[in-house]
Structures are given as C-alpha cells and as structure tokens.
Amino acid sequence: MRLLLGFGSCGLAAGALTVSESMQKVLADTNLQLTLVGCNGMCFAEPLLQVIDDAGENYYYGNLNEDIASNIAKALLAGQIPQQNLLMQDANDFLAPQTRVALAHCGLIDPENIEEYLWVGGYTALKKAVLMNLEEIIAEVKLSGLRGRGGAGFPTWLKWQNTRLAPGKEKFLICNADEGDPGAFMDRSLLESDPHSVIEGMVIAARAIGATQGIIYVRREYPLAVKRIGKAILQAKNKGFLGDNICGSDFNFNLRLVQGAGAFICGEETALIASLSGKRGMPTFKPPYPSERGYHDLPTNINNVETFANIAWIINNGGLSFGDLSNDENSGTKVFALTGKIKRGGLVEVPLGTTFSKVIYEIGGGLKNGKEAKAIQIGGPSGGCLPGKLLSTLKINYEELASVGAIMGSGGLVVMDDSTCMVDIARFFMAFNKDESCGRCTPCRIGMVRLEELLTEICQGQGKEEYIPFLETLGKHVKSTSLCGLGNSAPNPLLTTMRYFPEEYAAHIKEKRCPALKCQALLDYSIDEEKCTGCGQCFKVCSAGAISGMRKQAYHIDSSLCIKCGMCQSSCLFDAVKISSKGVAM
Amino acid sequence: MQQKSCPSSVKPTDTAILAQVTKLASPYKGKEDMLIQVLKKVQTVVGHSSISKDVAIVVAEAMDIPLINVYEVASFYSMFATTPRGKNVIRVCKSAPCHVKGAAEVMEAISKALGVQFGETTPDEKFTLETCECLGICAVSPAMMINDDVYGELTPEKAVEIIKNY
Ligand SMILES: Cc1cc2nc3c(=O)[nH]c(=O)nc-3n(C[C@H](O)[C@H](O)[C@H](O)COP(=O)(O)O)c2cc1C
Ligand code: FES
C-alpha cells in the first residue's frame with residue numbers, strides 16, 4: 001500500500017505539514033509509510049492524501065486536518081478503507097478526462113528521491129537519446145509537432161535546429177522558470193513535483209543542439225521549487241545523468257540553477273538573458289534572436305519548463321504518438337492552471353483541440369454557484385477575456401485563440417462569474433502591465449499609464465463617450481509599436497473586453513452604472529426597512545454622517561452625503577444594507 | 001517596474017559592514033555579470049537595512065564598474081531594498097485570483113493589527129508590509145509569503161494569527 005501526501009507549495013500553504021506530522025505519529029514503527037509527493041493537480045482539495053492499495057485501487061482523501069488525518073491513518077493501519085473525507089466522485093470527474101504527459105508523475109513520486117523517478121521509467125529517454133545522432137533527436141521532436149508552452153508557441157524543433165546551426169564555439173541552453181503570469185502555476189508545480197523530468201528534457205535538448213552548459217532560471221518567489229531542483233541536479237550528477245560522460249558517452253553537460261531577483265519582465269527571453277548577465281532586465285530588439293546571439297553572445301536556446309517536460313515522453317514514445325494524443329492540427333497536450341470561481345480548481349492537462357467547456361464544466365465541475373461562466377481570462381495579463389457563450393465551441397488551439405483576440409499564453413485560466421466587472425478587470429490588468437513595464441520603450445511606458453488612467457476614470461463614473469474609440473486606437477498602437485512581447489500583447493485584456501462586453505462599457509459611461517456591482521463609485525447604498533432591526537451599528541460606523549434614524553426603528557441613508565465606503569454594509573449583522581447600481585436617468 | 005527612489009543613505013553604514021561588503025565584492029572585480037549575485041549576498045550582509053548609496057559605492061569600486069550600473073540594478077529588482085525593511089517582510093498577493101477571493105480584507109486586517117499601512121515598516125522594525133504579484137498558489141488563495149514561508153486559504157483572522165508566530 002502506498003500513502004501519498006501532497007507536499008507542494010499549495011498543499012503546504014493549506015496545512016500539509018501538520019497533517020503529515022499527525023500521520024507520522026500514528027505510523028511510526030509500523031510497516032505503513034507516508035511518501036511526501038508533489039501536487040497531483042487537485043489543489044481544490046488540499047491537504048490531500050492519495051492511498052493506492054495493493055490491488056492498485058486509488059482512494060483520495062481531501063481537505064484534511066490533523067485529527068481527520070490521524071483517524072484515517074489509524075483506520076488504514078487496522079486494514080480498513082475509511083470513508084471520512086473520501087472524495088471519489090470529485091477525484092474521478094477531475095482526473096479521468098485528463099491526458100497526462102507533462103504531469104504524468106506529478107503527485108505520484110517523491111520529487112526529492114531520484115530512485116522514484118527511475119522507478120517510473122525516468123532517464124530511459126536520455127539513455128536512448130545518447131545513442132541517437134543529433135539530427136535524429138531533432139527529427140523526432142519535429143515529428144511530434146511540439147510547440148513552445150511558454151506563451152508564443154514557436155515550433156520547438158526549429159528553435160533547436162536554429163541554435164544548433166548558428167555559428168559559435170559553444171552553445172548554451174536555458175530553461176525559463178520565471179513563471180510570472182498571475183494565476184499561472186504549472187511550472188512551479190512541475191518543478192516541485194517532478195524536477196527530474198525537466199532536467200531529463202534539458203539534457204536531451206542539450207545533446208540535440210550541442211550545448212555543454214545550461215541554466216535553470218527560477219523565479220525568486222518559488223523557494224520550494226529552488227530547493228527541489230537544486231537537490232535533483234545533485235542527484236542526477238551523482239548518477240551520471242549530468243556532468244561529464246553522460247550515460248557513459250562522450251557527451252558532457254553541466255547544469256546550474258540561478259534564482260531571479262524579482263521582476264516580471266525577466267520572463268521575456270532577452271530580458272532574462274540581460275538579467276543573467278548582471279544587468280537590469282530590459283528586453284532587447286530581435287533579431288538577433290537568442291538562437292543567434294544570446295547569453296555571453298553565444299547561440300542560446302531558451303525553452304519553457306513545460307516544453308522540456310514533454311521531451312522525454314516524445315523520445316520514449318515517438319514523435320508521431322505525441323501528435324496522436326490530440327484530435328487536432330495542434331499536437332500533444334497543454335497544462336492549464338484553473339482558478340477563479342470554479343468548483344474544482346487546480347492543474348488540468350488536456351489534449352489540444354479540447355473545447356473550453358469540457359475543461360471548465362466537466363473537469364472543473366462548473367462554477368461554485370452552479371451558474372454559467374460569464375467570462376474566462378486566458379493567457380494572463382497579455383491574454384484576453386472571452387465570453388462564456390464562446391466556450392462550448394471554442395477549442396484549445398493556438399490559431400483559434402488568436403482569431404478571437406486571445407493567446408494560448410502559458411496556461412493561466414481564470415473563470416469569472418457575474419460578480420466580476422469587465423471594465424474593472426481590464427483596469428486591473430492594465431495596472432499590472434503598467435507596473436511591470438520595464439520603461440525602455442515609449443509606447444509601452446506612457447501608453448499603459450494613459451490606458452489605466454482612462455479605465456480608472458470610467459470605473460469612477462467619469463468616463464466620456466469619446467474614450468471608447470480612443471482606447472481602441474491607443475491600445476492598438478501600443479500593441480503594434482512596442483519593443484517586446486509585453487507591450488505587444490498588454491492591451492489584449494482591454495481590447496477583448498471592449499469587443500465582447502461593449503454593453504458594460506456603455507453602462508459605465510452613459511448610465512454611470514456598474515452592472516456587476518463592483519465599481520464602488522457607481523454604487524448606491526440603501527437600507528432594507530424589513531430587515532433593519534434599528535441596532536444603530538451602521539450609524540456608528542458611518543464617517544460621512546449620511547445615516548440617520550432612531551434606535552429600534554429602521555435607519556436611512558442619505559445618498560447625497562454617502563461616500564460609498566461600504567462600512568455600513570460590512571458592519572451590518574442583519575444583511576439589511578442593500579447595494580444597487582441604478583445609474584443616472586438619461 | 002515600479003521605480004523606487006534613489007538609494008540615498010539615511011545614516012552612514014557601519015564601517016565594519018562596509019569592510020565586509022568590500023571583501024565580498026572584490027573577488028568579482030571586472031565580472032559585471034555577477035553583479036546581481038553579489039548584490040544578493042550584500043543584501044544579506046546589510047540585513048534589513050537598504051543597499052544605500054555608501055554601500056553601492058563600495059560595491060562599484062570593489063567590482064570596478066560604474067556606480068550607475070549598481071544603482072540601475074539595485075533599483076530595478078524588487079528583491080533589493082533601497083529603503084530599510086523590517087526584520088520580517090510580509091508580502092500579500094494582490095493578483096487577480098487572490099483579489100477575487102478577498103485579499104483586500106486580509107490586507108486590511110494585517111494593516112490594522114500592525115498599525116501600519118502597506119509599503120511601510122513597523123516602528124520596532126519587526127515587520128515590513130508589501131504587496132506582491134501571484135505567488136503561484138492561486139488554488140489556495142488568498143495567499144501571502146512571510147520571508148520564505150507561504151501561507152494560503154487566508155481569512156483576516158487566520159492571517160493575524162500567523163503573524164503572531166513571528
Ligand atoms: C512579458 C513576457 C513575459 C514572459 N514570461 C515568460 C515566463 O514566465 N515563462 C516562460 O516560459 N516564458 C515567458 N515568456 C516567453 C519567453 O519570452 C519565451 O518565448 C519562452 O520562454 C520560450 O520558450 P518556449 O518556446 O518553450 O515557449 C514571456 C514573454 C514575455 C513577452
Ligand atoms: S493570484 Fe495570488 S497566489 Fe496566484
């Protein structure tokens with residue numbers, strides 16, 4: 001019997017440490033052992049225990065605390081399968097429709113123990129690859145149709161070939177683990193749960209392009225990933241999968257880990273290289289591409305974590321099988337981080353070509369309140385907001401997403417319901433992009449400030465009708481004239497919300513009304529006389545003196561004095577303060 | 001990037017610390033690409049005070065690079081403090097997924113409990129409050145990080161409880 005406890009950042013943040021301690025207490029000196037694994041993607045149920053019995057049957061126990069976990073451990077010791085906190089239905093609905101390649105081992109092996117990775121067939125692809133010649137490896141990756149999973153979707157084989165053929169006395173390999181898109185955590189989870197698969201992919205890539213040195217550039221906010229990758233590098237070196245004469249061949253490759261210093265823009269490849277060179281992380285103009293002139297001016301191949309995590313599978317199973325995984329012209333699978341108002345949030349890996357509704361309603365279980373999704377946000381701050389009505393037909397496909405104004409991006413997928421205001425969300429992302437703009441080129445530096453200012457005015461009810469065409473023109477100009485991918489895509493959240501939710505912009509501007517009841521300045525507060533008990537709490541907290549009345553009788557809000565701070569609502573114990581957005585009469 | 005103010009020194013840095021910084025930076029003379037790594041070590045040496053101007057001058061001289069390059073890098077990355085920080089840095093995620101799950105209420109409670117606003121340091125220099133972008137644990141949002149420890153599924157009460165342990 002195997003007992004697997006989720007010990008990724010998500011599990012630990014939800015309290016997995018105390019759960020493990022209480023289980024260890026029960027299991028000490030018994031023949032049952034707890035294996036601390038990464039995350040199997042079911043973040044919605046953390047802290048999570050997976051039990052695999054001797055017949056290979058799986059049982060999932062979610063939302064554990066110390067006491068429940070200790071009871072479960074005792075029952076398991078007694079040979080029972082406890083029913084408490086058993087999550088069979090949710091686990092099955094969530095996991096069964098997925099196809100796992102990159103996440104194949106996540107949550108099933110101890111990431112700090114290379115023996116477990118070897119036990120599931122780890123490093124067999126590398127052993128195979130050292131016997132292949134360089135062209136063969138690249139040809140296999142070409143057959144697979146794998147495209148970069150870091151955002152832009154550039155064909156991986158072509159990047160490898162360009163780097164290999166570029167003139168230079170040495171070639172360099174970089175793994176981009178600077179994952180910074182809000183709502184995206186695929187790369188963190190991969191590094192924490194299965195670091196060796198990323199290393200194996202990198203060593204194979206290094207062999208194909210002829211690189212002898214590599215770097216994994218990890219975001220500083222990911223201390224656990226840093227720790228596990230560091231440990232994995234040492235173990236791989238000891239086993240002869242890194243260093244000199246890899247797997248007994250004449251191929252040498254050294255890998256080291258560099259921790260970022262905190263800047264979103266360093267996820268952009270040229271900025272990442274600048275940062276590795278000890279400089280401010282400012283992007284440079286392309287061409288020259290990193291494949292021609294990158295780190296230390298050497299031809300440099302940069303790929304994303306998830307891209308590398310697919311490589312071993314491709315070499316083991318053949319490129320064509322990777323294409324067969326999906327029923328679409330885009331081949332293979334993609335991992336998404338599903339968050340927001342979703343019932344089952346976590347990591348989902350599905351074949352490309354799958355519809356969004358399958359991911360959101362079947363796998364994710366739909367919205368928490370059972371309603372339809374109002375919109376999804378895909379691709380992070382450079383992606384788009386797409387309306388719920390598109391989800392049943394829209395496929396997860398690079399070209400299809402581009403045609404509706406969004407991008408595949410790195411895999412963040414935020415589900416929103418009708419309590420989200422689309423103008424406010426556009427403003428939110430513009431504020432993010434403005435803060436993260438490195439300031440090098442004018443359209444991005446100044447344009448983003450203007451876009452945010454205008455959106456803020458609209459949210460505060462000061463928008464004018466001429467803002468709409470102006471926002472659109474300015475957004476398009478920032479996109480087309482900025483230097484790097486940040487500015488080239490930053491206006492997407494704005495442009496897509498304007499395209500799909502024009503009525504919300506109109507309501508804010510013309511009627512001074514926020515349909516989602518989110519924009520404070522456009523809300524009206526009033527007191528429900530039926531519910532009000534006359535306790536006077538709201539009267540006490542109102543700093544504007546807008547509330548009047550007498551104890552034991554219903555109070556009243558004078559809207560001309562109300563500053564819409566919301567204090568009365570949060571202080572009312574009887575839910576008697578109503579919010580509405582009536583707007584102004586036209 | 002959020003631009004930070006010029007690292008002017010508030011009070012001169014201790015000479016013993018400056019000597020330590022020189023010792024640390026000198027082996028990297030002429031190796032400008034090590035600047036970020038050197039500054040990371042310098043940050044631990046100066047502790048919770050900032051990489052102030054006198055520290056930056058020492059680094060520039062020891063590594064033989066222009067002072068402006070040190071300043072550019074120190075002011076660009078959020079990891080380097082150009083104003084003093086407290087002993088513990090609390091960073092609450094303000095990205096969209098945490099925002100929709102109530103990060104604002106958590107921040108309000110922390111701010112109230114410590115008596116300072118976000119962006120400020122408590123008078124006893126024990127805590128600095130900062131906001132940050134996504135910590136990658138959005139599925140258990142709202143989230144925060146205290147130094148290197150991550151915490152999720154926060155409520156205003158739970159967050160205040162956690163802080164008491166520091
Ligand atoms: C603003 C910006 C941020 C980016 N952030 C990341 C990131 O966090 N991780 C990543 O892998 N790629 C990121 N990219 C894309 C990289 O520039 C690059 O295309 C990618 O690492 C290439 O790997 P791939 O071909 O395997 O996708 C970013 C691009 C831009 C413009
Ligand atoms: S949005 Fe807060 S952790 Fe991701």
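Proteins get letters first, then strands, A, B, ... in listed order; numbering begins at 1 in each. Both backbone and side-chain heavy atoms feed into the values below; hydrogens, waters and symmetry mates do not. For clarity, every value in this text was computed on a predicted model and none was experimentally measured.
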| request: Keeping the roles fixed (side chain from B/Tyr151, backbone from A/Leu12), state whether a donor-acceptor pair exists under 3.5 Å. | output: no
| query | So, do B/Asp33 and A/His296 sit near enough that their side-chain heavy atoms are less than 4.5 Å apart? | reply | yes
| Any side-chain heavy-atom pair of B/Ser78 and A/Arg220 under 4.5 Å | yes
| query | Which bit of B/Glu105 is near chain A, if near means a heavy-atom gap under 4.5 Å: side chain, backbone, both or neither? | reply | neither
| note | Bottom line for A/Cys266: the part with an atom under 4.5 Å from chain B's heavy atoms is side chain
| field | Minimum-distance pair of heavy atoms, taken over all atoms of A/Phe428 and B/Ser95 | value | CE2-C, 3.8 Å
| Checking heavy atoms, do the side chain of A/Ser275, its backbone, both or neither come under 4.5 Å from chain B? | both
| field | Which portion of A/Lys341 sits near chain B, non-hydrogen atoms under 4.5 angstrom | value | side chain
| Taking every heavy-atom pair that is under 4.5 Å apart, which of A/Ser189, A/Gly11, A/Cys43 has the most such pairs with chain B? | A/Cys43
| Can you list the residues that meet the side-chain contact (heavy atoms from CB on, under 4.5 Å) rule with B/Met145, with sequence neighbours excluded? | A/Pro223, B/Arg91, B/Leu135, B/Asp148, B/Val150
| Checking A/Leu276 against chain B: side chain, backbone, both or neither under 4.5 Å from a heavy atom? | backbone
| query | Is there side-chain contact between B/Glu133 and A/Glu436, with heavy atoms separated by less than 4.5 Å? | reply | yes
| remark: So OG1 of A/Thr420 and NE2 of B/His99: to nearest 0.5 Å the spacing works out to 9.0 Å
| message | Between A/Arg219 and chain B, with a heavy-atom cut-off of 4.5 Å, which part of the residue counts as in contact: side chain, backbone, both or neither? | response | side chain
| query | If you measure from CD on A/Glu221 to SG on B/Cys93, what distance do you get to the nearest 0.5 Å? | reply | 10.0 Å
| task | State the OG1-CD1 distance between A/Thr339 and B/Ile137, to the nearest 0.5 angstrom. | result | 12.5 Å
| query | With a 4.5 angstrom heavy-atom cut-off, which part of A/Ala261 approaches chain B: side chain, backbone, both or neither? | reply | both
| said: Less than 4.5 Å to any heavy atom of chain B: does that hold for the side chain of A/Asp181, its backbone, both, or neither? | reply: backbone
| query | Are the side chain of A/Arg280 and the backbone of B/Phe76 linked by a donor-acceptor contact shorter than 3.5 Å? | reply | no
| message | Looking at A/Gln259, is its backbone amide N or carbonyl O close enough to the side chain of B/Lys40 to form a donor-acceptor pair, meaning the two atoms are under 3.5 Å apart? | response | yes
| field | Proximity breakdown for A/Ser9 and chain B, heavy-atom pairs closer than 4.5 Å | value | both
| message | So, taking the atom named CD in A/Glu46 and the one named CD in B/Glu153, what distance separates them when rounded to the nearest 0.5 Å? | response | 8.5 Å
